[in-house]
Amino acid sequence: MAVLSYLKSTILSKVVMAATGIILLLFIVGHMLGNMQVFLGAETFNHYAQFLQGLGEFLWIIRLVLIFSLILHIITSVYLNFLNNAAKPIKYQVKRYVSAKLTSRTMIWTGIMIFAFLSYHLLHFTMGVTNPEDYNYHEYYEGNSFVVEDDAQGAALENIENSGKEKQEVISERHDVYKMVVLGFRNPYISLAYIVGVVLLGFHLSHAIQSAFQTLGVTGQKFTPRMVTASIWFSVIIVILYISIPISIFLGLVGGKV
């Protein structure tokens, strides 16, 4: 496959792995900033979700770039891990890890677990496959004013009729993403799975960022130690902000009226 010809070069493979990692990192930060809007309430969060859905073809271009980057990142990481293991054919009876940290030694495994978590996350919140009872909620509007919220348009319009309003006044609707997220994270198992997945992501990021800088040749006697510290703190902040959402919802601090 021509697109994978870069694998013939170890250096080029590392560059591709670093570049795709940076793309995925930018998405992680952007996705986090978007998700944090859940703390601003249903109107703000659903407006943000509606904006994304309104991007249409451009949103699909972004998704395809992310999917392509993720596939290349996984293939390259597995390939480089295979080369690394092949270079050490003799198994030592006693393993002594001196400079290798836990995060660097488990990159391939945390990567696999993160991929599994991401797959579940998409099936849950993006496709509504795993928990359809929480997914099929919509908001209905007349003009720019909120009318009613329900899980079926027929029931919503019936409520509008009962209030003396005309059906034709309802001119738009949108997916109630806020309610879906709140109902989802009220489930302790879903919240726990999300928290574990994000913590694994933090472990992966803390070493991946350091590795990307080294691969791209951005190093230095003073810069590298500072970069290592910054990558760890950056990963910790990412984890804290992400898990604050399920924790706040589960404790009733967010979405209490849903």
Side-chain angles (χ1 to χ4, degrees), residues 3-4 6-7 9-36 62-88 95 97-122 193-246:
V3 73
L4 298 179
Y6 69 89
L7 293 174
S9 169
T10 303
I11 296 177
L12 188 56
S13 296
K14 290 182 177 180
V15 171
V16 170
M17 186 172 176
T20 54
I22 291 173
I23 293 174
L24 295 173
L25 178 61
L26 292 175
F27 167 74
I28 290 170
V29 174
H31 188 57
M32 178 201 68
L33 294 176
N35 285 356
M36 292 301 290
I62 295 175
R63 286 172 173 171
L64 289 175
V65 170
L66 289 172
I67 291 173
F68 186 67
S69 298
L70 179 62
I71 292 174
L72 287 183
H73 193 75
I74 293 173
I75 291 175
T76 309
S77 63
V78 171
Y79 174 72
L80 291 174
N81 185 71
F82 173 78
L83 287 182
N84 184 58
N85 290 335
K88 302 174 182 179
K95 294 184 178 180
Y97 298 109
V98 180
S99 59
K101 297 181 180 179
L102 178 63
T103 52
S104 64
R105 301 199 309 268
T106 58
M107 285 293 285
I108 187 67
W109 300 112
T110 55
I112 292 173
M113 288 184 284
I114 290 169
F115 179 75
F117 163 69
L118 177 62
S119 300
Y120 170 74
H121 183 66
L122 291 174
Y194 189 90
I195 291 171
V196 171
V198 171
V199 170
L200 289 172
L201 175 63
F203 270 101
H204 194 84
L205 282 179
S206 64
H207 178 73
I209 295 174
Q210 302 169 30
S211 179
F213 276 103
Q214 293 174 359
T215 298
L216 298 176
V218 185
T219 59
Q221 187 173 359
K222 293 183 178 180
F223 174 80
T224 298
R226 294 174 181 175
M227 178 268 296
V228 170
T229 301
S231 66
I232 294 174
W233 277 107
F234 176 82
S235 302
V236 169
I237 292 173
I238 289 290
V239 170
I240 291 175
L241 292 178
Y242 263 115
I243 69 174
S244 67
I245 298 174

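In this chain, residues are counted from 1 in sequence order.
Among residues two or more places apart in sequence or in another chain, the side-chain contact (heavy atoms from CB on, under 4.5 Å) test is passed with Ser13 by Tyr6, Leu7, Thr76, Tyr79, Leu80. Among residues two or more places apart in sequence or in another chain, the side chain to side chain donor-acceptor pair (under 3.5 Å) test is passed with His73 by Thr20. Every side-chain contact (heavy atoms from CB on, under 4.5 Å) that Ile71 has, sequence neighbours left out, goes to Ile67, Ile75. Applying the side chain to side chain donor-acceptor pair (under 3.5 Å) rule to Ser77 yields no partners; only residues at least two apart in sequence or on another chain are considered.
Between Phe213 and Thr219 there is no side-chain heavy-atom pair separated by less than 4.5 Å. Taking the side chain as every heavy atom from C-beta outward, Leu200 and Phe117 never approach each other to under 4.5 Å. Residues His207 and Ser235 form no side-chain contact, since every pair of their non-hydrogen atoms from C-beta on lies 4.5 Å or further apart. Using a 4.5 Å heavy-atom cutoff, the side chains of Val239 and Leu201 are not in contact. Counting only heavy atoms from C-beta outward, the side chains of Ile28 and Leu205 approach each other to under 4.5 Å.
Smallest separation of non-hydrogen atoms from Phe234 and Ile209: CD2-CD1, 3.5 Å. Residues Leu24 and Leu66 share a closest heavy-atom pair of CD2-O, 4.0 Å. Shortest non-hydrogen contact noted between Ser231 and Ser206 is OG-O, 3.3 Å.
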Please table the atom pairs, donor to acceptor, closer than 3.5 Å between any side-chain atom in residues 222-229 and protein atoms at least two apart or in another chain.
from   : atom 1 : to     : atom 2 : distance (Å)
Thr224 : OG1    : Gly220 : N      : 3.1
Thr224 : OG1    : Gly220 : O      : 3.0
Thr229 : OG1    : Pro225 : O      : 3.1

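Among pairs with a residue in residues 11-30, those fulfilling ring pair (Phe, Tyr, Trp, His ring centres under 6.0 Å) read Phe27-His31, at least two apart in sequence or across chains.
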Review point. Can you check side-chain contact (heavy atoms from CB on, under 4.5 Å) on Leu70 and Leu118, steps first, answer last?
Key: CA-CA 11 Å; Leu70 179 62; Leu118 177 62; 3.7 Å; yes
Review point. How far apart are the C-alpha atoms of Thr10 and Lys14, what are their side-chain angles, what is the distance that settles it, and do they pass the side-chain contact (heavy atoms from CB on, under 4.5 Å) test?
Key: CA-CA 6 Å; Thr10 303; Lys14 290 182 177 180; 4.0 Å; yes
Practice item. Check step by step if side-chain contact (heavy atoms from CB on, under 4.5 Å) holds for Gln210 and Ile232. Key: CA-CA 9 Å; Gln210 302 169 30; Ile232 294 174; 4.1 Å; yes
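Between the side chain of Tyr194 and the backbone N or O of Pro246 there is no donor-acceptor pair closer than 3.5 Å.
One finds the CD1 atom of Ile240 at 11.5 Å from the CE atom of Met32 (value rounded to the nearest 0.5 Å). Going from atom CD1 of Ile23 over to atom CD1 of Ile62 covers 12.0 Å, rounded to the nearest 0.5 Å.
Within 6.0 Å of atom CG in Leu64, more than 12 heavy atoms from other residues, nucleotides or ligands are found, so the atom counts as buried in its surroundings.
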